[in-house]
Amino acid sequence: MPGPVRTRFAPSPTGYMHIGGLRTALYAYLLAKQNNGKFILRIEDTDQERYVDGAVEVIYRTLKMAGLNYDEGPDIGGSFGPYIQSQRQSLYQEHAAKLVELGGAYYCFCSAERLDNLRKEAEERKEIFQYDGLCNKLSTEEIKSRLANGDPYIIRQNIPTGGQTSYNDEVYGAITVENSQLDENVLLKSDGLPTYNFANVIDDHLMDITHVIRGNEYLSQTPKYCLLYRSFGWEEPKYVHVSQIIRPDGKKLSKRTGDASFDDFYNKGFLTEAIVNYIALLGWNSKDDRELFALSELTEAFSIAGLSKSPAIFDPDKLKWMNGEYIRKLALEQFNDLAKPYYQKAIKRTDIDFIKLSKLVQLRTEILSDIPAIVDFIDALPEYDVSLYVNKKMKTDLAVSLESLKPALAELEKLGSWEHQDIHDTLFKLIEQKGLKTGQMLWPIRTALSGKESSPGGAIDLAEVLGKEETLRRIRLGVVFIESKTIV
RNA sequence: GUCCCCAUCGACUAGUGGUUAGGUCACCACUCUUUCAAGGUGGCGGCACGGGUUCGAAUCCCGUUGGGGACGCCA
């Protein structure tokens, strides 16, 4: 009878949340939650040279934002702690010593210089460096005396010389590697801290992790970890290796290109829910053509069987589309709150009703950062070419435009109420009186009000948002503008 | 270089021996319409290649090619 499902997300604190890492966390969370299991956060900070200030907080914050609430972790505790590897040093040391006893590892006193030389020689011979096993031949007495002497040492994994090692991956199936291909990696460093190669095994076992979910860059490393479990006589977890996410140019998503971290996307105006939904689909599908999933729906629908083996290219276009879907689903007030900071970047006027504006903008926004460009005409009428008034489809030319703008101006000036309905009725009455096509009246007005080829609403919408005074001013400007171009 | 893995429209993918190879994004057209969007309808577009196995292969096997990954006292 297997115990409850326990999965873990084990990032190293690098200072940002890689989008691929977030997806791994997502899958780990989903697998745990759909089985009523536990999702655990563990910080892998065994490389003290890589320490980055505040990096752990980025991890906490991002997981929180994404809704991937963990059941155990450094900041919330749990009965398998500590959850920060640098605080588990003694555990690794005990287990390393134990592993040496069991024959799965050995002390190594080789200097960094000797290793460097070996590496160089191998390079010259165009071979790949593998440790030559020198210290594995040391006698027990010599090891004892050098240890007693205080010689610096590391602990290396002892790999069987012949044979092969296999395991079964839940996604990729049987993986088999010749033991001769496996390097005898350092398990415990000279600073007393473990390498990933050791710590992941110890911690996953000690924390009762049932499913190891990680990127498939570990696929060919895992046999080494299996050997470790077997040396200890421990039961191995299930392995779920997930394909990588790569860039449109086929390269790895890099931290430096500014398109790899969660914050990069968040700051560009993508919604957290959309990001989570989108990355879930990179390498996983529900097999039923559904694509829009809230986190809770993902939890229900997720399955290891839906995971794909081949790498997935991150497609910003599809993320944009999906983000648009999420934006349109927002309640008006919600959208307005999110849009406000962006409005304020482009609009200095204080008499604009943002809610009215949001009604127009929400439908036309794919990512929040589009907003300033959509509303840029509100503060100041942009310069535009008079030819904008000539529109074949709207059946307008300069003369028609003038003949529409002038009476519209006169009627609108008389208008007491500036409600959408009243503006509409006034203009449509005029259209009827003059026997015009709707567009012949409305296109020139829209043009005069926005100065743009496209605007986040039609003539009446814009008039309403701009207010009576500004609307009349811009129409007058339009009239003068057209006249100046037509009068010879 | 050695080893591991992968291979369906431009992208994400469904497909597990018999399908007109399906869906989504993007793209194009049409439609709706006071612009643009959004919505609706339709279209373009794919099984990398070569051998097998089989009555029959996108599906199974082998090879080729292409791609990704691993080979640190990084994770």
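Just so it is clear: chains get the letters A, B, ... in the order the sequence lines come, proteins before strands, and each one is counted from 1. None of the values given here were measured: they were computed from a predicted structure.
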Nearest to the [X] side chain among [options], which nucleotide is it?
| X | options | value |
| --- | --- | --- |
| E291(A) | A75(B), U35(B), C12(B) | C12(B) |
| D289(A) | G23(B), A75(B), U13(B) | G23(B) |
| L115(A) | U34(B), C73(B), C74(B) | C73(B) |
| I460(A) | A75(B), U34(B), A26(B) | U34(B) |

With 3.5 Å as the limit, what N/O pairs link the protein to nucleotides 42-46 of chain B?
none

What's the gap between [N] and [M] when it is taken at their [atom1] atoms, as a whole Å value?
| N | M | atom1 | result |
| --- | --- | --- | --- |
| U19(B) | A58(B) | C1' | 11 Å |
| U13(B) | G45(B) | C1' | 15 Å |
| A48(B) | G67(B) | P | 15 Å |

Using a cut-off of 4.0 Å on non-hydrogen atoms, how would the nucleic acid contact of [X] be classed: base, sugar-phosphate, or nothing?
| X | result |
| --- | --- |
| Q48(A) | nothing |
| S308(A) | sugar-phosphate |
| K393(A) | base |
| R328(A) | sugar-phosphate |
| M441(A) | nothing |
| G457(A) | base |
| S450(A) | nothing |
| T195(A) | sugar-phosphate |

Under 30°, 30 to 60°, or over 60°: which ring-plane class applies to [X] and [Y], parallel, tilted or perpendicular?
| X | Y | value |
| --- | --- | --- |
| F354(A) | Y343(A) | tilted |
| Y153(A) | Y107(A) | perpendicular |
| Y70(A) | Y60(A) | tilted |

State whether R364(A) places a side-chain N or O below 4.0 Å from either non-bridging phosphate oxygen (OP1 or OP2) of A38(B).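 So the side-chain polar atoms of R364(A) never come under 4.0 Å of the phosphate oxygens OP1 or OP2 of A38(B).
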Any K287(A) side-chain N or O less than 4.0 Å from OP1/OP2 of U13(B):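 No, outside the criterion.
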Is there a donor N/O on one and an acceptor N/O on the other, under 3.5 Å, for the side chain of R290(A) and the base of U24(B)?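 Under the 3.5 Å cut-off, the side chain and the base do not form any donor-acceptor pair.
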Mind checking what makes side-chain contact (heavy atoms from CB on, under 4.5 Å) contact with S111(A), not counting sequence neighbours?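 If we apply the side-chain contact (heavy atoms from CB on, under 4.5 Å) test to S111(A), skipping adjacent residues, the hits are E113(A), R114(A).
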Which residue, Q244(A) or G458(A), contacts RNA chain B at a nucleotide closer to its 5' end, judged by nearest heavy atom?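 On the 5' side of the pair lies G458(A).
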Among Q362(A), Q334(A), E366(A), side-chain contact (heavy atoms from CB on, under 4.5 Å) partner for I327(A):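 Single pass found, and it is Q362(A).
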Which residue in the set T24(A), I59(A), L22(A) passes side-chain contact (heavy atoms from CB on, under 4.5 Å) when paired with P11(A)?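 Answer after filtering T24(A), I59(A), L22(A): I59(A).
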F335(A) CZ to A38(B) C1', straight-line distance once rounded to whole Å: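 My rounded result for the distance is 13 Å.
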Distance, rounded to the nearest Å, where R23(A) contributes CZ and C12(B) contributes P: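 Taking CZ of R23(A) and P of C12(B), I get 12 Å after rounding.
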Decide if the gap between the ring center of F265(A) and the ring center of F314(A) is smaller than 6.0 angstrom.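 Between F314(A) and F265(A), which both carry aromatic rings, the centre distance is below 6.0 Å.
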Taking the ring centre of each residue, are Y167(A) and Y229(A) less than 6.0 Å apart?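 No, the ring of Y167(A) stays outside the 6.0 Å limit from the ring of Y229(A), centre to centre.
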Do Q157(A) and E184(A) have a side chain donor and acceptor closer than 3.5 Å?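 No - no donor-acceptor pair under 3.5 Å links their side chains.
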Donor-acceptor pair, side chain of S86(A) and main chain of D45(A), under 3.5 angstrom: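 No; zero donor-acceptor contacts below 3.5 Å.
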Every protein N/O within reach of nucleotides 1-11 of chain B N/O, cut-off under 3.5 Å:
residue: U2(B); atom: O2'; partner: Q181(A); partner atom: OE1; Å: 3.1
residue: U2(B); atom: O2'; partner: Q181(A); partner atom: NE2; Å: 2.8
residue: C3(B); atom: O4'; partner: Q181(A); partner atom: OE1; Å: 3.1

